[in-house]
Structure formats: structure tokens, C-alpha cells
There are 2 protein chains.
Amino acid sequence: MTSHTEENYLKAIYKIAEKDKKPAGTNAIAKEMDTSAASVTDMLKRLSEKGLINYQKYKGVSLSTKGSKIATNLIRKHRLWESFLVKKLDFTWDKVHDIAEQMEHIKSEELVNRLDEFLGFPKFDPHGDPIPNADGKFTLRVQVLLSLLRKNDKAKVIGVKEHDNDFLRYLNSKNIQLGSELYIREKNDYDKSMIVEIDGEKVTLTEKVTKQIYVKKSA
Amino acid sequence: MTSHTEENYLKAIYKIAEKDKKPAGTNAIAKEMDTSAASVTDMLKRLSEKGLINYQKYKGVSLSTKGSKIATNLIRKHRLWESFLVKKLDFTWDKVHDIAEQMEHIKSEELVNRLDEFLGFPKFDPHGDPIPNADGKFTLRVQVLLSLLRKNDKAKVIGVKEHDNDFLRYLNSKNIQLGSELYIREKNDYDKSMIVEIDGEKVTLTEKVTKQIYVKKSA
DNA sequence: ATTATTTTTTAGACTAATCTAAATATTAAT
DNA sequence: ATTAATATTTAGATTAGTCTAAAAAATAAT
Ligand SMILES: [Mn+2]
Ligand SMILES: [Mn+2]
Ligand SMILES: [Mn+2]
Ligand SMILES: [Mn+2]
């Protein structure tokens, strides 16, 4: 049986490997877990004992098949619970992550599968992230950063790269949410900022922001 | 912040106090928690430090106001999640306790209150136990044990005293569930067993069983 | 009122998870 | 190729929660 803590380490390793496309280093894990490097080394030994990771001193770690399955299932649970919170309990997308962080550790195969069915087998969570199905398969999708679009382009918001709650609340304040239709009215060559029309309103978005929004170009 | 473990102790103390109507002893708690008496003494010291219980060596413990609030809220969450599992995810009443045992520890005031609303502010859980409201108030109700009824009485099942999953599955097999209408056709003076009609079918119930079922006499 | 039984507490040790500080390996810079 | 900087591991301690075995207190039996 994997402990709450072990599960969080596996998720952290998964996340880092996904981003960096190479074995996760001790410091990177320590930063992600907000803990000391020494603690990480201890845990890596334990996870390695359990056959959940491939670990050699000083060489960094990658998830084993077993570890990867657990991590994927955690992501599945996390994103399904986030979907539940938004779709059924009317939470906004900036309030669900911390709660799902707790709920993802509930252990019951049947629960997650019934929840999945209850939600209608959603493919993406409230932030546009793909939800692995019961076999651990993710749905892939073409998505492009808003920052890459040009003047007069139209697009639909389908996800966010950054998940920080303050960023999400910033988007709320600009009326930007999943499904929002955007129309690029101006693009400034110098600072890359954009004037975007949404629901008839024009808002200015800096490049820092447009680089965090995934869209699907509409025609 | 109260830990998962501390919460379970508070619940155990609450449960024992409710049943025995007197301070809970170390051994009783140890039995309820399936742990050693020594571990209990350790924990009682810690809970006492935190002001969650009233504790004096050798004298047994009772919950403080603070501890009682936490315990009641745990029961609220437990029973709301059980209701969710049965009403929304179609679990049977013999499958929900263990899952709710995990879910009751999710910390979010807003979550539990939104869940309550989503479920339509239910007053009783799938086993007929009262669900405390946001203020910790339980709904009281007249309920009598089936074993006390006599021949020709009619009654509706409104709860079970015993929560053991095997017992619940036994009731499933006899088609007895919350809301079932019962009609006592025979009562044996010697062994107190009953022949009860339910959905047109006659079933024999021993006293061991009828002493675990709460009913409301219908006229 | 002693003695026996039961209940509770203490003593001492163990594991998981954490920390700081120091030691060692690896990588980057000169 | 040394030296400097960075990354990682070890050493040693700490805390929550647990255990067994032994001591002490409370209760029951004679
Ligand atoms: Mn999240
Ligand atoms: Mn998400
Ligand atoms: Mn229950
Ligand atoms: Mn219940």
C-alpha cells in the first residue's frame, strides 16, 4: 500500500519528467514537494525499495511501470474530482485544486469509475487538462498558445498552462474562461501585448498572460 | 490542525460516550480504534494538550466543546458522503461506510456545505442515521425496534442499529431496505422470531435480526 | 481487610517522514 | 587539469504514532 506522502512524491516525479523530458533530479523534486533535498533522498530510497521508481545515486530518477500507473491514476482522480467540484457543486476553477489535492488520495477503484460515469466520462478537466481514462490513456488534442496568434485571428480558449489560483482569478476578472471565444483585434510588435475582444468587450493582455492560455484557432 | 488520526480518536470517543452515556475508558477506546491501550493513553495526553478532551489520569475522558464540534462535523461529513455515494453514484448501503471513512477527513468547509446543498439537505443517511446540519444540530425522530412489534402490526423500516456490512447484505438478500413496508404475520413466543411480509413475500426473521432494525409503526 | 483481577499508565523501542549541518560527487569555470 | 560551484547523499536528531512488557492504580472478590 502506498502512503499519502509516497503518492505525492510519485506525482511530483511524474510532473517533472513530463516537463523536462529527462530523469528528475533531487533538487527539482525537493522544490516541487516544498521539502529538503535530504528528505527527498530518503524517500527515493524507499520508493526504489518498493519498485516504484528507477533510481541510482546521483543519477536522478524515473518512474517504473508500476509507479507510472499509480501516478496516472492519481492524476485521473485529481482531475475527475476537480470536474465534479465545478460541474456538480458549482465551484469556480480557481477553488478546486487544493480540495482535489486531498480527494485524489481516496482509495477505491469503484468510486473513481462510478464518479467518471456520473460525470459522463469527461475528457478534460476544468483547466483543460486531459483526464486519463480507466486504462490510463490520455486524450490528445491540438492546442496552441494564444501568444502565437496574429491580428484578426479568432480562437476558442481550451486550457491554461499556468494553474496558479491568482492567475485564474485574473482571467475570471477579464471574463476569460474555458470555451470563451476570442478575437484578436490588435497585436503590439514591441511588447507582444494583444487587444482581444471577448463577449464584445476589448481587453488588453500582456505576453506573460497570452503565453499561459491554450486556444484552438477557429478557421 | 487536527490530524487524520486525532480525528479518528475524537470520533471513537464520541461514539462510546453516546452509547455508554459516561466518560470513555482507555480500553473501550483501544478496542474501538483497534489499537493498544498504551497508544490510547499517549493520544489522550496529546488531545488533552490541544484542549479537545477533558482528561484526568485513570478517570476516563469526555469531549470538550471544541472536540465535540470536530466530532460532530466528522459525522456530518461521513453521513453526507455516504448519502452522496448511494444517491448519486448508486452504491448499495453495504459498500459506502469504508469509503466515507476516508472522505470524512477532507478539509473544506465550503465543500461540505455545497455537498449538503447538492444533496438537498438530507436529514438522514443511507442507514437511517441523522445527519447534523451546518450548526451541528441533529434531527430527532421516533423510532422503535422491530423486535418490539406484535402480530398484525405494520411498520416502515427507517434505520438499522447494526452497521456491519454482512448484516446489511443479509437484509439486501431479504429485500429489506430503508423505506420497506413490513407486515408482521406471526410472532413466535418462544424464540421471539417473526414471520414478516414484505413486498408480498413472507420471510422469517430471528430476534437477533429484529433487534437491529428501527421502524416507524404505521397506524 | 486482604487478596485477586482488571484497568490504566509508564518505560523503552520502533517506523515513516521530516529537519539541519556536514561530507562527498558531479558539473562548470578558469 | 585544477579550482570553484552546484547537486546529492550521509549523519544525527526530531516528531507522530505505534508496539510490548512491566509497574501502578482502581475495582472486585473473598
Ligand atoms: Mn489541479
Ligand atoms: Mn486541473
Ligand atoms: Mn458509516
Ligand atoms: Mn451511515
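- Paired with B/Glu6 under the rule salt bridge (charged side-chain N to carboxylate O under 4.0 Å, His left out), one option of B/Arg46, B/Lys66, B/Lys50 passes, and it is B/Lys50.
- Judged purely by atom type and a 3.5 angstrom limit, A/Arg79 uses its side chain to pair as donor or acceptor with the backbone of A/Pro130.
- Here the nucleotide nearest the side chain of A/Thr26, chosen from C/dT18, D/dT9, D/dC19, is D/dT9.
- For the OP1/OP2 pair of C/dT9 and a distance below 4.0 Å, the side-chain nitrogens and oxygens of B/Tyr55 include at least one atom meeting the criterion.
- One can place OH of A/Tyr58 at 6 Å from P of C/dA25, the figure rounded to the nearest angstrom.
- When distances run from any side-chain atom of B/Ser39 to the nucleotides C/dT8, D/dT9, D/dT18, the shortest one goes to D/dT18.
- C/dA25 atom P lies 8 Å from atom NZ of A/Lys57, rounded to whole Å.
- Ring geometry, A/Trp81 versus B/Phe84: the interplanar angle falls from 30° to 60°, so the pair is classed tilted.
- Between the CG atom of B/Asp42 and the C1' atom of C/dG12 there is a distance of 12 Å, given to the nearest Å.
- Just one of B/Asp129, B/Asp125, B/Asp116, B/Asp135 meets the salt bridge (charged side-chain N to carboxylate O under 4.0 Å, His left out) condition when paired with B/Arg76; it is B/Asp116.
- The nucleotide whose nearest atom lies closest to any side-chain atom of B/Thr5 is, among D/dT8, D/dT18, C/dC19, D/dT18.
- We find that CD of A/Glu7 is positioned 16 Å from P of C/dA16, with the value rounded to whole Å.
- For B/Lys192 (side chain) and B/Ser147 (main-chain N/O), no donor-acceptor pair under 3.5 Å exists by modelled atom type.
- Comparing C/dT24, D/dA26, C/dT18 against the side chain of A/Thr35 picks out C/dT18 as the nearest.
- Comparing atom distances between the B/Ala38 side chain and each of D/dA21, D/dT9, D/dA16 picks out D/dA21 as nearest.
- As a whole-Å value, the separation of B/Asp34 CG from D/dC19 C1' is 13 Å.
- Closest to the side chain of B/Met43, out of D/dG17, C/dT9, C/dA25, is D/dG17.
- Side-chain contact annotation: B/Thr2 with B/Glu7, donor-acceptor N/O pair under 3.5 Å present.
- In this model, the phosphate group of D/dT18 is approached by a side-chain N or O of B/Tyr9 to a distance below 4.0 Å at OP1 or OP2.
- Put simply, CG on A/Asn8 is 14 Å from C1' on C/dA16, counting in whole angstrom units.
- Remark: P of C/dT10 and CG of B/Leu44 are 11 Å apart, rounded to the nearest angstrom.
- Nucleotides of DNA chain C nearest to B/Val40 and A/Glu6 differ in position, and the one nearer the 5' end is that of B/Val40.
- Minimum atom distance to the side chain of B/Arg46 is reached by D/dT18, of the listed D/dT9, D/dT18, C/dA17.
- Proximity note for B/Thr41 (side chain, C-beta onward) versus D/dA24, C/dT10, D/dT18: the nearest is C/dT10.
- Straight-line distance from the NZ atom of B/Lys45 to the C1' atom of D/dT15: 15 Å, rounded to whole Å.
- Residue B/Asn27 is the one, among A/Ala37 and B/Asn27, whose nearest nucleotide of DNA chain C lies closer to the 5' end (criterion: closest heavy atom).
- Contact annotation: A/Lys59 side-chain N/O to C/dT26 OP1/OP2 distance is not under 4.0 Å.
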